[in-house]
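Here the structure is laid out as structure tokens; the discussion comes afterwards.
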Amino acid sequence: MDRRVTVSQARSTLPEIVQRVTDGEEVTITRHGRAVAVVVRPDALRVRRADAALEGAAVIHDLLVAGRDRPLHAAPPLSEARAKTMIDDVRNSRSRG
């Protein structure tokens, strides 16, 4: 059996597809020539998700490292009066909502 099967073929050969997946294969199910699903073992899916999470964490790590050495923009500090005004605005908007 090919690694790609149509939805109709999948319906009629599901036990065989499940066995192939159990043996480590991946089976792509197609509809009108386009892939619509891939049947994989749960452990293979967990590994892929973990790899993606680790890649995302590495990107965040790199951004943090790069940002650590970058100077902060020289913006004027927030005055106490401006902070009070902002807090009052937030409180007022919550009481109206």
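Screening L45, T28, V47 against V40 for a side-chain contact (heavy atoms from CB on, under 4.5 Å) leaves a single residue, L45. Considering T6, V36, V5 as possible partners of T30, the one that fulfils the side-chain contact (heavy atoms from CB on, under 4.5 Å) test is T6.
For the pair R41 and D23, the tightest heavy-atom approach, listed with the atom from each and the gap, is NH1-C, 4.3 Å. Between Q9 and T13, the shortest heavy-atom contact is O-OG1, 2.6 Å. For I17 against A10, the heavy-atom pair with the smallest separation is CD1-CA, 3.6 Å.
The CZ atom of R48 lies 10.5 Å from the CG atom of D43; values are rounded to the nearest 0.5 Å. Note: L14 CG to E16 CD = 10.5 Å, rounded to the nearest 0.5 Å.
Transitive grouping of hydrophobic side chains (ILVMFWY, heavy atoms separated by less than 4.5 Å) keeps V21 and V38 in distinct clusters.
Taking the side chain as every heavy atom from C-beta outward, R82 and T85 approach each other to under 4.5 Å. Looking only at side-chain heavy atoms (C-beta outward), E80 and K84 stay at 4.5 Å or farther from each other.
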